[in-house]
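Here's the structure, in structure tokens; my notes come after.
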Amino acid sequence: MSFRLYGMSSPNVVKILIMLEELGVDFHFEHVDLFSEGQFDETFRALNPNSKVPVLLTEEGQPIFESGAILIYLAERHDQLLPSTGSSRYDVLEWLTLQVATVGPMLGQLNHFTTYAPAGQDYSVGRYRREGARIYQLLNKRLEQVPYLAGDDYSVADIATLPWTDYIERQGLQKADYPAIAEWRQRLEERPAVQRARAFIADVQANDAKMFSQSSASARRRFLGLGEGSEEQA
Ligand SMILES: N[C@@H](CCC(=O)N[C@@H](CS)C(=O)NCC(=O)O)C(=O)O
């Protein structure tokens, strides 16, 4: 059985696609339609009680949820992109954990308030934009000192963080303020595996955009974390 990746076109899924492409393993992509509440389906909940993508079904049929856990699983299984011992292992785990615990959640909130929330959210936009700028400055400073987040070598920390740096301009910040991030992105985007993953996700993204525009108001409310609501309230 080949790997089965449950996902859609979000950054947490793109990370796993890049990893699978880097490892050159076969996988089957199972689209979860978050805009028709596919994540709340009982079958999907049995794979991830947290009702979120990505989920990886291993070759042995074991479901793994949380993108950080999936990256560690794949790295250890293939003995690539995460050193198995020594201080360099913890350099990778530090930056990987920073991504899943801080970069993703904070920039995800910034995306929410700059893209989906109704107008008049100045306090929230200001809070998350300041935090976003702080995070980009942190990454930029690190990448002024070393070529990859964990040091000299490309690792799962870079794979996890790359798709989360796709939205700087859309978030009302300036790419030019983070030149070391731009150089690092260019280095990563030149990798054939990253290019294959980007090409794969482009089709999924077009489909998701269509599904989002056609979604019911209540499905959209649930996707945005606004509760069950009703058609009228959405
Ligand atoms: N900490 C999780 C976050 C996963 C996550 O937030 N997934 C989003 C897409 S990026 C999702 O499934 N959202 C659907 C929902 O919240 O209903 C991970 O890193 O895997």
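If you're wondering where the values come from, they're calculated on a predicted model, not measured in any experiment. Both counts, for ligands and for their atoms, begin at 1 and track the order of listing. FYI, the numbering just counts along the sequence from 1.
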Quiz prompt | Closest non-hydrogen atom pair between S88 and T85, with its separation | solution = OG-O, 4.1 Å

Quiz prompt | Check: F200 ring centroid to F27 ring centroid under 6.0 Å | solution = yes

Self-check item: Sub-6.0 Å ring centroid separation between F3 and F29
Solution: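 Centroid separation for F3 and F29: 6.0 Å or greater.
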
Quiz item: Do side-chain atoms of R89 reach the backbone of P83 as a donor and acceptor pair under 3.5 angstrom?
Solution: yes

Quiz item: Is K141 paired with E144 through a side-chain N to carboxylate O contact shorter than 4.0 Å?
Solution: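 Answer for the salt bridge query: no.
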
Exercise. Determine, for E60 against R77, whether the closest basic-nitrogen to carboxylate-oxygen distance falls under 4.0 angstrom.
Key: yes

Give the residue and atom name of whichever protein heavy atom lies nearest to [atom], and the separation in Å to one decimal.
| atom | value |
| --- | --- |
| atom 9 (C) of ligand 1 | S10 OG, 3.5 Å |
| atom 19 (O) of ligand 1 | S67 OG, 2.6 Å |
| atom 4 (C) of ligand 1 | V53 O, 3.2 Å |

Quiz item: Hey, is ligand 1 close enough to K52 that some N/O pair sits below 3.5 Å?
Solution: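 Between K52 and ligand 1, an N or O pair is found under 3.5 Å apart.
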
Quiz item: Where on E66 is there a heavy atom closer than 4.0 Å to ligand 1, on the side chain, on the backbone, on both, or on neither?
Solution: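 The answer is both, backbone and side chain.
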
Self-check item: Heavy-atom gap L34 to ligand 1 smaller than 4.0 Å
Solution: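 Within the 4.0 Å threshold, so yes.
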
Exercise. Applying side chain to side chain donor-acceptor pair (under 3.5 Å) between R198 and each of E189, E21, Q205, report the one that passes.
Key: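 Going through the options one by one, the only one that passes is E189.
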
Practice problem: Give the numbers and elements of all ligand 1 atoms closer than 4.0 Å to a heavy atom of Q39. | Solution: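 By the 4.0 Å cutoff, the relevant atoms are 14 (C), 15 (C), 17 (O).
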
Quiz item: What are the atoms of ligand 1, with element, lying closer than 4.0 Å to any heavy atom of P54?
Solution: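 Taking each heavy atom of P54 in turn, ligand 1 has 20 (O) under 4.0 Å.
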
Quiz item: Considering L224, N12, N50, which one's heavy-atom position lies nearest to atom 3 (C) of ligand 1?
Solution: N12

